[in-house]
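All heavy atoms count here, side chains included; hydrogens, waters and symmetry mates do not. Residue numbers count from 1 along this sequence.
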Amino acid sequence: MMGHKPIVGITMGDASGVGPEIIVKSLQSKHVYEQSHPIVIGDAKILKRAAELLSTELTIKEVDSNSDFTTRFGEIVCYDLDLLPEDLPFGQVSSEAGNAAFEYLRTAIELANNGRIDAICTAPLNKEALHKGGHIYPGHTEILAELTGTKDFSMMLSSPKLKVIHVTTHVGLIDAINMINPERVQKVIRLAHETLTNAGVSQPKIGVCGINPHAGENGLFGNGEEEEKIIPAIDRVTEEGLNVEGPLPADTLFFRAQRGDFDIVIAMYHDQGHGPIKVLGLEAGVNITVGLPIIRTSVDHGTAFDIAGTGVVDERSMLEALRQATELAPEK
């Protein structure tokens, strides 16, 4: 069985936030170890502090690049970068924590490139701290894309009943509509197809949202955006043999997808895709960057500085992110 379990590198994120706590809470679950070998990339002393705070029996075992990365339940294996003071204050923006969060991720990418880990699962980072630490990126995704030399990537949100991938994400709505074109739509459909096929879904069923209400209803709404921006892409990928349907009215497509008619939905802009996932429950949503040479999943929440250090944080999104990292890791 040993050969089949993927090694998942968990980056600690911003150590002033809830990252260390959700990691320790999640690694109290035996189930995680039955499916994978979790390795935390972070600071061992910060994890020890979180373990004490949560009064858990778990022990922290420090490893380096020469160590064997197999794990056993009851022990948290930490690839220790030793970057932070153990009395780092909770809930405060600091350049040290921002820089450390960047270094954890950089190290995880290096380990992945060297074939030491099979997937990356990220705890949240704080953008302000990241910038204070001298790393000017909008967030994890852009760091991952740059450090892996990836040009075409997309955000996928995944919950047990629904997977959504986005043609555009963090741009204003008017800009998003302008940015949508057949090439981009085609790339995102292919990314969706590849991600699911690599994870073992044969011939995934892909549903594509329209831009306008009722997907334009043959020109009744909008200015022919579906005809100009989406339909040429669907025609092309259908010729390639992909199983794609659309453009479909977004209001009914999400209902049909969570019922099981589709394996994944292509959303055209941020709120079109995020809204339906969040309605299904914040604790079950996971953020996945697709198009990278490595699987990366993340919790779908922030650093929660207001509750850091209290032990009350909900670890279900992290457990789901770990499950999905294991599920999506390329089959060995």
Side-chain angles (χ1 to χ4, degrees), residues 9-29 32 38-60 62 76 78-108 120-144 170 274 278 281-287 296-322:
I10 307 169
T11 57
M12 208 170 73
D14 192 303
S16 297
V18 292
E21 290 163 69
I22 52 172
I23 291 171
V24 171
K25 275 188 163 186
S26 299
L27 297 183
Q28 289 176 325
S29 160
V32 173
I39 307 284
V40 182
I41 298 151
D43 266 64
K45 56 187 161 323
I46 300 279
L47 285 176
K48 283 177 184 151
R49 174 172 81 165
E52 279 162 23
L53 174 84
L54 295 161
S55 42
T56 162
E57 300 299 295
L58 301 178
T59 54
I60 313 292
E62 294 160 41
I76 296 178
C78 176
Y79 190 98
D80 185 24
L81 296 192
D82 191 20
L83 294 170
L84 295 170
E86 60 193 297
D87 58 355
L88 181 81
F90 289 111
Q92 285 181 28
V93 171
S94 76
S95 57
E96 294 87 359
N99 177 57
F102 177 84
E103 288 301 327
Y104 306 147
L105 186 60
R106 194 184 59 73
T107 305
I120 296 174
C121 181
T122 57
L125 53 71
N126 179 286
K127 292 187 177 108
E128 194 187 333
L130 183 69
H131 293 178
K132 262 195 170 170
H135 307 287
I136 313 297
Y137 294 89
H140 272 116
T141 310
E142 293 76 11
I143 299 171
L144 283 148
H170 293 127
H274 279 59
K278 305 258 168 160
L282 288 176
E283 71 290 334
V286 175
N287 182 332
R296 177 261 172 159
T297 68
S298 176
V299 292
D300 198 22
H301 61 69
T303 44
F305 275 3
D306 55 328
I307 56 165
T310 63
V312 301
V313 66
D314 187 325
E315 76 278 22
R316 283 175 298 179
S317 184
M318 177 55 92
L319 281 168
E320 184 59 21
L322 285 166

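- For the atom pair Ile76 CD1 and Leu27 CG, the distance stands at 5.0 Å (nearest 0.5 Å).
- A distance of 6.0 Å separates CD1 in Ile120 from CG in Leu105, rounded to the nearest 0.5 Å.
- Scanning all heavy atoms of the two residues, the minimum distance from Gly9 to Ile41 falls at CA-CD1, 4.0 Å.
- Counting only residues at least two apart or in different chains, salt bridge (Lys or Arg N to Asp or Glu O under 4.0 Å) contacts with residues 49-58 are absent.
- Two residues are said to be in side-chain contact when any heavy atoms from C-beta on lie closer than 4.5 Å; Thr122 and Tyr104 fail this criterion.
- Side-chain contact between His301 and Asp314 is absent, with no heavy atoms from C-beta onward closer than 4.5 Å.
- Interatomic distance, Leu83 CG to Met12 CE, rounded to the nearest 0.5 Å: 8.5 Å.
- A salt bridge links Asp82 with Lys45: at least one charged nitrogen is closer than 4.0 Å to a carboxylate oxygen.
- Every salt bridge (charged side-chain N to carboxylate O under 4.0 Å, His left out) that Glu103 has, sequence neighbours left out, goes to Arg106.
- Under the side chain to side chain donor-acceptor pair (under 3.5 Å) criterion, Thr303 pairs with no residue at all, not counting sequence neighbours.
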Counting only pairs under 3.5 Å, give me each side-chain donor-acceptor contact of residues 86-99, with atom names and distances, residues two or more places apart or in other chains.
{"residue": "Ser94", "atom": "OG", "partner": "Ala97", "partner atom": "N", "Å": "3.1"}
{"residue": "Asn99", "atom": "OD1", "partner": "His135", "partner atom": "NE2", "Å": "2.8"}

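- The CD atom of Gln28 sits 6.5 Å away from the CG atom of Leu54 when rounded to the nearest 0.5 Å.
- Taking all atoms of both residues into account, the shortest heavy-atom contact from Val24 to Ala50 is CG2-CB, 3.9 Å.
- With sequence neighbours left out, His274 forms a ring pair (Phe, Tyr, Trp, His ring centres under 6.0 Å) with His166, His270.
- In terms of heavy atoms, Val18 sits closest to Ala308 at CG1-CA, 3.9 Å.
- Rounding to the nearest 0.5 Å gives a distance of 8.5 Å between CD1 of Ile39 and CD1 of Ile10.
- Thr107 approaches Tyr79 most closely through the heavy-atom pair CG2-CE2, 3.6 Å.
- Heavy atoms only, all atoms of each residue included: His140 and Ala123 are closest at CE1-O, 3.3 Å.
- Under the rule for a side chain to side chain contact (heavy atoms under 4.5 Å, CB included), the partners of Leu53 that lie at least two apart in sequence or sit in another chain are Glu21.
- Under the side chain to side chain donor-acceptor pair (under 3.5 Å) criterion, Glu142 pairs with no residue at all, not counting sequence neighbours.
- Thr141 pairs by the side chain to side chain contact (heavy atoms under 4.5 Å, CB included) definition with Phe153, Thr289, Arg296, not counting sequence neighbours.
- In this structure, Asp43 CG and Cys78 SG are separated by 7.0 Å, a value rounded to the nearest 0.5 Å.
- Within the 4.5 Å cutoff, the side chain of Val40 has no heavy atoms near those of the Pro20 side chain.
- Of the possible donor and acceptor atoms, one in the side chain of Asn126 sits under 3.5 Å from a partner among the backbone N and O of Ala129.
- Contacts classified as salt bridge (Lys or Arg N to Asp or Glu O under 4.0 Å) and involving residues 121-136 (residues at least two apart or in different chains) are not found.
- In this structure a side-chain-to-backbone donor-acceptor pair under 3.5 Å is present from Lys25 to Gly311.
- By the side chain to side chain donor-acceptor pair (under 3.5 Å) test, Ser29 is found to be paired with no residue, residues two or more places apart in sequence or in another chain being considered.
- In this view, Glu62 and Lys48 satisfy the side chain to side chain donor-acceptor pair (under 3.5 Å) rule, not counting sequence neighbours.
- Listed by chain and residue number, Leu125 satisfy the side chain to side chain contact (heavy atoms under 4.5 Å, CB included) test with Ala101 (two or more places apart in sequence, or in another chain).
- Between Pro124 and Val299, the shortest heavy-atom contact is CD-CG2, 3.5 Å.
- Among Val286, Leu322, Thr11, the single residue meeting the side chain to side chain contact (heavy atoms under 4.5 Å, CB included) criterion with Cys121 is Leu322.
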